[in-house]
Amino acid sequence: MTWAPPPVLSGLASAKLRAPPIRPGRILIFLVLPFHPSKAFSLLFGAESCWRTAMASTTATAPLFLRPPPSKPRSFISCGPRNNRGPLLRGRTLSTEAILAVQSLKRAHPDPTKLDAVFSKTLSRLIKPDLLAALRELLRQDQTHVALKVFALIRSESWYATDYGLYAEVVSALCRNEMSSEIDELISELAEEEAGHGDDKGMERLVKALIAAERVNATVEFYGVMKREGKGLNEYVFKVLIRGLRRLGEAEVADEVEADFERFEEKQFMKMS
């Protein structure tokens, strides 16, 4: 004769819903209650206390694969700029208008008529940060021919003031794409502009970009602009010019710059004394 579980236990085993684990005290009360009603409840309390003690010690000493998984903190997914471009900075992360402008320029580039239409309808509506961001994105993608036209549009705006750092970015992109003649033309146009806002760091960047592009004439022409404006000339810039010109084989021009550097040091010494 085979043993059959009580109706309550069989009902829980056959239930489709997940039932909580049955404690041994509850099993004992079903087995003992019909025969010894007076002892059923005392056995229940003793079995419950033993079960709690055993479970506590088992959980503490059980192997990792038998322990219940720890509760994980709630994680949040946040969206940020693509390509690891860093935090959101004005003029660096593209807005929707700037993205659409860049895409329109790239599609219309082969056709001059369509390109002029994009300039007149789309770019003319962009605000200053979006226009600068679109230019930098075109330079990053080496779309230099379109970028030069956008840069010309920026320089024609009423809010524009000579930005030597922006010139340095354009020169670096032209150098990557081996557009040497365009670099010379760009510096010639810079020499005709009015004095900028005196960004010494931007001038340093432009000097290094011109020397890296190995454009001697453009470097000498921009050095003349710096002397005319009296800005951006310091010990570091003089040394960069002297070393760069000597590396490019222009020893005579480097000697002239070195003589200017000596006079510059004398003036600085006189001011300090």
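The residues of the chain are indexed from 1 along the displayed sequence.
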Taking atom CZ of Arg243 as the centre, report whether more than 12 heavy atoms of other residues, nucleotides or ligands fall under 6.0 Å from it. no

Verify the neighbour count for atom CG of Asp111: are there more than 12 heavy atoms of other residues, nucleotides or ligands below 6.0 Å? yes

Kindly indicate whether the side chain of [X], heavy atoms from C-beta on, has any atom under 4.5 Å from the side chain of [Y].
X      : Y      : answer
Val237 : Met203 : no
Arg136 : Leu166 : yes
Tyr167 : Arg155 : yes
Arg176 : Asp142 : yes
Gln141 : Lys106 : yes
Thr162 : Tyr164 : yes

Once you round to the nearest 0.5 Å, how far does CD of Glu204 lie from CE of Met226? 7.5 Å

Hey, what do you get for CD1 (Ile183) to CG (Asn217), rounding to the nearest 0.5 Å? 12.0 Å

Connected via hydrophobic side-chain network under 4.5 Å: [X] and [Y]:
X      : Y      : value
Leu115 : Leu139 : yes
Val257 : Val216 : yes
Ile154 : Val146 : yes
Phe222 : Met179 : yes
Val225 : Phe261 : yes

Is there a donor-acceptor pair under 3.5 Å between the side chain of [X] and the backbone N or O of [Y]?
X      : Y      : answer
Arg247 : Ile242 : no
Arg125 : Lys121 : yes
Arg263 : Glu258 : no
Asn234 : Tyr236 : yes
Thr122 : Phe119 : no

Residues [X] and [Y] bridged, charged N to O under 4.0 Å:
X      : Y      : result
Arg140 : Glu137 : yes
Lys239 : Glu235 : yes
Arg215 : Asp184 : yes

Shortest non-hydrogen contact from [X] toward [Y]:
X      : Y      : result
Ala147 : Leu135 : O-CD1, 3.4 Å
Ala218 : Leu210 : O-CD1, 3.9 Å
Ile211 : Leu248 : O-CD1, 4.4 Å

Is the Phe151 ring parallel, tilted or perpendicular to the Tyr160 ring (thresholds 30°, 60°)? perpendicular

Test side-chain hydrogen bond (donor to acceptor under 3.5 Å, both in side chains) applied to Tyr223 and Asp260, step by step: CA-CA 11 Å; Tyr223 175 62; Asp260 293 341; 2.7 Å; yes

